[in-house]
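Here's the structure we're looking at; comments come further down.
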Amino acid sequence: MKRYETLHDRLHEWYRRHGRHDLPWRRTRDPYRIYLSEIMLQQTRVETVLERYWGPFLERFPTLSSVAAATEGEVLKAWEGLGYYNRARYLHRTARLCDGALPRSAAELEKLPGIGRSTAHAIACFAFDEPLPILDANVRRILHRFFALDEATPSRLWEAAGELFDAGRPYDYNQAMMDLGAMVCTPKAPECSACPLREGCAGREDPQRYPRPRKRPGIPVRKRQILVLRRGDALGLVRNEGRFLGGMWSFPQRIEAPRSGRKIGKVRRTYSHFRIEGSVWEVKELPDEKLRFFTPAECESLAMSALDRDVLKLVKKEMQ
DNA sequence: CATCCGTGGAC
DNA sequence: TGTCCAAGGAT
């Protein structure tokens, strides 16, 4: 596509000068590390991954084989605090499916659990130089503005992504677009005057108009009773099944308050689509529950959600 | 196509 | 405090 040659040149020059070249996953071609970064960064801020997860996780799991050799629980533990824990379970499944090495094409990568089209393209491009565009939140916002799209289907956005794509320098193009979206073409106050694509941008007169903001339904509040059963120094926990916090250990929850027990505090937490307001009770008995008992020290090696970590903190205060 | 799936920072 | 949102994918 000759049409965007000048804009591509400006984009690359902007990226050379302002890009985040020090990001650790840009300083490696190790497919596993690139893959891990793409999974960690799904719906997660760069700063969070950079500061709290990248180093510790790689120290514990330096290779794809080391992930495959671990239990799911161990991988979840290393993922603790990052959220969207299905990512960690898919990572574990993928590691076991791959037997040491990731496939080298986007088509094969996309067949693996937890890897969709955009992530497959990202890994294939960044690790194996396959010339394919990505379509993350940054690129999507740029495309909405560049082509003045109020709203667009995924199909239309992929088409737009392919149109603006620079197949001649796929690695730098994709990285540059993500940086541009994160640093210049931002959601709230885009700096169009600093944008290397401004001359071709159909939306630059009113960038805030694109994309049209999605109506967010209010999230419901779920009131829950959180039950703490002690057996000596040990606490009764259950392992979540299903997709919500699947594989993570939690204090049991009920809708109804216990008939007897002592209230020791409150916790609240907002998830992606609901909020929990929990009353924490110390109870003496808890029928019909598949409990396993762990001391607070043993809990440190279990994968627990942020809410259950808050509950555990309350309980430890009570036990002193 | 709509809904589900966490967390914490910015404002 | 409430709201938005950040390198998406599975169902």
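Owing to the predicted nature of the structure, the values given are computational and were not obtained by experimental measurement. Lettering of chains follows the sequences in order, A, B, ..., and the numbering in each one begins at 1.
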Discussion item. Need to verify one output field. Residue with the more 5' nearest nucleotide on DNA chain C, A/Arg243 or A/Pro187?
Written reply: A/Pro187

Worksheet item: Quick one: stems for DNA chain B, with Watson-Crick or G-U pairs under 3.5 Å, at least three in a row?
Response: B:2-5 with C:8-11, B:7-11 with C:2-6

Worksheet item: With the threshold set at 4.0 Å, does a side-chain nitrogen-carboxylate oxygen contact exist between A/Arg254 and A/Glu289?
Response: yes

Worksheet entry | Sugar-phosphate, base or nothing in reach of A/Gly181, heavy atoms under 4.0 Å | nothing

Discussion item. What I want to find out is whether A/Asp172 reaches A/Arg169 closely enough, with some N-O distance under 4.0 Å, to be called a salt bridge.
Written reply: yes

Item to complete: Take atom CD of A/Glu80 and atom P of B/dG8, then tell me their distance rounded to the nearest Å.
Response: 10 Å

Worksheet item: So, A/His21 versus A/Tyr15, ring centres under 6.0 angstrom or not?
Response: yes

Worksheet item: Does A/Arg269 place a side-chain N or O at less than 4.0 Å from the phosphate oxygens OP1/OP2 of B/dG8?
Response: yes

Worksheet item: Between A/Phe274 and A/Phe244, how do the two ring planes meet: parallel, tilted or perpendicular, split at 30° and 60°?
Response: tilted

Discussion item. What is the separation between atom CG on A/Leu135 and atom C1' on C/dA7, rounded to the nearest whole Å?
Written reply: 11 Å

Item to complete: Taking only Lys NZ, Arg NE, NH1 and NH2, and the carboxylate oxygens of Asp or Glu, determine whether A/Arg259 and A/Glu285 approach each other closer than 4.0 Å.
Response: no

Item to complete: Answer yes or no: is there an ion pair linking A/Glu72 with A/Arg89, defined by an N-O contact shorter than 4.0 Å?
Response: yes

Practice prompt. For residues A/Trp249 and A/Phe294, establish whether the separation of their ring centroids is below 6.0 Å.
Written response: yes

Discussion item. So for A/Tyr84 and B/dG6, does any side-chain atom that can act as donor or acceptor lie under 3.5 Å from a complementary atom in the base?
Written reply: yes

Worksheet, complete the sentence: In whole angstroms, the gap separating C1' of C/dG9 from CD1 of A/Ile123 amounts to 12 Å

Worksheet item: Could you state the CG-P distance from A/Asn138 to C/dA6, rounded to the nearest angstrom?
Response: 7 Å

Worksheet item: Are OP1 or OP2 of C/dA6 and a side-chain N or O of A/Arg141 less than 4.0 angstrom apart?
Response: yes

Item to complete: May I ask you to test the A/Asp166-A/Pro131 pair for a side-chain heavy-atom distance under 4.5 Å?
Response: no

Worksheet entry | Nearest-Å distance for atom pair CG/C1', residues A/Asp179 and C/dA7 | 10 Å

Item to complete: May I ask you to evaluate whether A/His273 reaches the phosphate of B/dC4, defined as a side-chain N or O under 4.0 Å from OP1 or OP2?
Response: no

Discussion item. From CZ of A/Arg140 over to P of C/dA6, roughly how many Å is that when rounded to an integer?
Written reply: 11 Å

Worksheet item: Listed in order of residue number, which residues of residues 27-53 of chain A have a non-hydrogen atom at under 4.0 Å from DNA chain C?
Response: A/Glu38, A/Leu41, A/Gln42, A/Gln43, A/Arg45, A/Val46

Fill in: Spacing of A/Asn174 atom CG relative to C/dA7 atom C1', expressed in whole Å
11 Å

Item to complete: Please state how far atom OH in A/Tyr15 lies from atom C1' in C/dA7, giving the value in whole angstrom units.
Response: 13 Å

Discussion item. Under 6.0 Å between ring centres: does that hold for A/Trp79 and A/His92?
Written reply: no

Discussion item. Nearest heavy atom decides the nucleotide; on that basis, is A/Glu110 or A/Lys188 closer to the 5' end of DNA chain C?
Written reply: A/Lys188

Discussion item. If the threshold is 4.0 Å, N to carboxylate O, is there a salt bridge linking A/Asp30 and A/Arg33?
Written reply: yes

